[in-house]
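Please read the structure below before turning to the comments.
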Amino acid sequence: MAQPSCNTIFSQQQQRTFIQMRTNLKVVDNSGAKRVMCIQALKGRKGARLGDTIIASVKEAQPKGKVKKGEVVYGVVVRAAMQRGRCDGSEIKFDDNAVVLVNKQGEPIGTRVFGPVPHELRKKKHVKILTLAEHIA
């Protein structure tokens, strides 16, 4: 049986999927956490996409932040490597997976949001995150 070429193996590794259990995400607000790991996606069976809420565990945190390492927190996915189609036919995808930490009512814990945030969050009722964002994509 013939071995697959290097190009086909590389393209299989670049397949982007949902944000699911044990996915590491970057935190892009000033709540004190640096990195979280997804425990559960609150919508959909496959996993979370752009604008969905997840439950996560804080893996890295700043020393004097609002959240501590090991805490279980809620977060809204603001950047996802998996591409998502827009109404006008274009598609949006990001280089990394990023999240903004929120409380149970959906209000952001931090007071600033760093980096680009897609305008699709407006449809998902996360307008407060959009007002804190420095750049809307």
Side-chain angles (χ1 to χ4, degrees):
M1 184 166 185
Q3 291 286 331
S5 68
C6 183
N7 291 339
T8 57
I9 292 172
F10 183 74
S11 64
Q12 289 171 355
Q13 291 174 344
Q14 292 297 322
Q15 183 68 32
R16 305 296 189 173
T17 59
F18 289 90
I19 292 165
Q20 54 198 2
M21 190 185 294
R22 297 185 62 84
T23 301
N24 284 309
L25 299 106
K26 184 179 174 184
V27 180
V28 291
D29 61 8
N30 61 350
S31 60
K34 292 181 183 175
R35 192 173 57 87
V36 296
M37 185 177 73
C38 178
I39 295 174
Q40 182 183 15
L42 290 180
K43 204 177 175 184
R45 289 178 33 199
K46 282 188 174 180
R49 298 182 79 173
L50 216 54
D52 289 346
T53 305
I54 63 168
I55 300 175
S57 170
V58 178
K59 291 295 173 186
E60 285 180 37
Q62 293 171 343
K64 294 186 179 178
K66 295 177 186 172
V67 294
K68 304 285 183 260
K69 181 181 174 184
E71 274 188 48
V72 176
V73 292
Y74 286 82
V76 175
V77 179
V78 293
R79 292 202 292 265
M82 182 180 177
Q83 65 185 22
R84 181 182 174 100
R86 286 187 162 173
C87 297
D88 60 354
S90 64
E91 292 182 335
I92 185 167
K93 68 177 177 179
F94 294 94
D95 293 335
D96 60 346
N97 295 320
V99 69
V100 171
L101 300 185
V102 295
N103 58 16
K104 285 190 177 183
Q105 288 76 35
E107 299 159 351
I109 294 173
T111 56
R112 295 177 67 196
V113 176
F114 307 111
V117 173
H119 65 80
E120 279 87 356
L121 293 181
R122 191 178 309 277
K123 292 179 192 161
K124 302 264 189 170
K125 307 286 190 283
H126 299 297
V127 183
K128 183 77 172 160
I129 294 173
L130 284 172
T131 59
L132 297 175
E134 60 184 23
H135 179 68
I136 298 173

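For CG of Asp95, the number of neighbouring non-hydrogen atoms (other residues, nucleotides, ligands) closer than 6.0 Å is 12 at most. At most 12 non-hydrogen atoms from other residues, nucleotides or ligands lie less than 6.0 angstrom from NZ of Lys46. Environment of CZ in Arg84: crowded, with over 12 heavy atoms of neighbouring residues, nucleotides or ligands closer than 6.0 Å. For Lys26, the NZ atom is loosely surrounded, since the number of other residues' heavy atoms within 6.0 Å does not exceed 12.
The cluster map of Ile, Leu, Val, Met, Phe, Trp and Tyr, joined by side-chain heavy atoms under 4.5 Å apart, puts Val67 and Val27 in the same cluster. A single hydrophobic cluster is seen to contain both Ile136 and Val78, as judged by linkage of ILVMFWY side chains at heavy-atom distances under 4.5 Å, directly or through other members. Hydrophobic clustering keeps Val113 apart from Val58 (ILVMFWY residues linked when any side-chain heavy atoms are closer than 4.5 Å, directly or through intermediates).
With contacts defined as side-chain heavy-atom distances shorter than 4.5 Å, the pair Ile92/Arg86 qualifies. With a 4.5 Å cut-off on side-chain heavy atoms, Val72 and Ile39 count as touching. With a 4.5 Å cut-off on side-chain heavy atoms, Cys38 and Met21 do not count as touching. For the pair Tyr74/Thr53, a side-chain contact is recorded, criterion being any heavy-atom separation below 4.5 Å from C-beta on. Annotation: side chain of Lys124 is in contact with side chain of Lys43 (closest heavy-atom distance under 4.5 Å). For the pair Val99/Val36, a side-chain contact is recorded, criterion being any heavy-atom separation below 4.5 Å from C-beta on. The shortest side-chain heavy-atom distance between Gln62 and Ser31 does not fall under the 4.5 Å cut-off. Between Leu130 and Val117 the shortest side-chain heavy-atom distance falls below 4.5 Å.
Going from atom CD of Gln20 over to atom CD1 of Ile54 covers 11.5 Å, rounded to the nearest 0.5 Å. Going from atom CG of Leu25 over to atom CD1 of Ile19 covers 5.0 Å, rounded to the nearest 0.5 Å. Distance check: Glu120 CD to His126 NE2 gives 12.0 Å after rounding to the nearest 0.5 Å. Atom CZ of residue Phe18 and atom CE of residue Met82 lie 4.0 Å apart, to the nearest 0.5 angstrom. Asn30 CG to Thr111 OG1: the interatomic distance, rounded to the nearest 0.5 Å, is 3.5 Å. Going from atom CD1 of Ile55 over to atom CE of Met37 covers 13.0 Å, rounded to the nearest 0.5 Å.
The closest donor-acceptor contact from the side chain of Lys128 to the backbone of Lys125 lies at 3.5 Å or more, if one exists at all. Judged purely by atom type and a 3.5 angstrom limit, Glu91 has no side-chain atom pairing as donor or acceptor with the backbone of Gln83.
Residue Leu132 comes nearest to Gly110 through the heavy atom pair CD1-O, 3.9 Å, listed as atom of the first residue, atom of the second, then distance. Nearest heavy atom pair, residue Ala33 against residue Leu101, reads CB-CD1, 3.8 Å. Nearest heavy atom pair, residue Cys87 against residue Lys123, reads SG-NZ, 3.5 Å. Here the shortest heavy-atom pairing between Ile129 and Pro108 reads CG1-CG, 3.9 Å.
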(request) Please lay out, stage by stage, how Val102 and Ile109 fare under the test side chain to side chain contact (heavy atoms under 4.5 Å, CB included). (result) CA-CA 5 Å; Val102 295; Ile109 294 173; 5.6 Å; no
(request) Could you check Val76 against Leu121 for side chain to side chain contact (heavy atoms under 4.5 Å, CB included), going step by step and ending with a plain yes or no? (result) CA-CA 9 Å; Val76 175; Leu121 293 181; 4.2 Å; yes
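Salt bridge status for Glu60 with Arg35: present, with a side-chain N to carboxylate O gap under 4.0 Å. Arg79 and Asp96 are joined by a salt bridge, as a carboxylate oxygen and a charged side-chain nitrogen come within less than 4.0 angstrom of each other.
Between the side chains of Thr23 and Asn97, no donor-acceptor pair is found at a separation under 3.5 Å.
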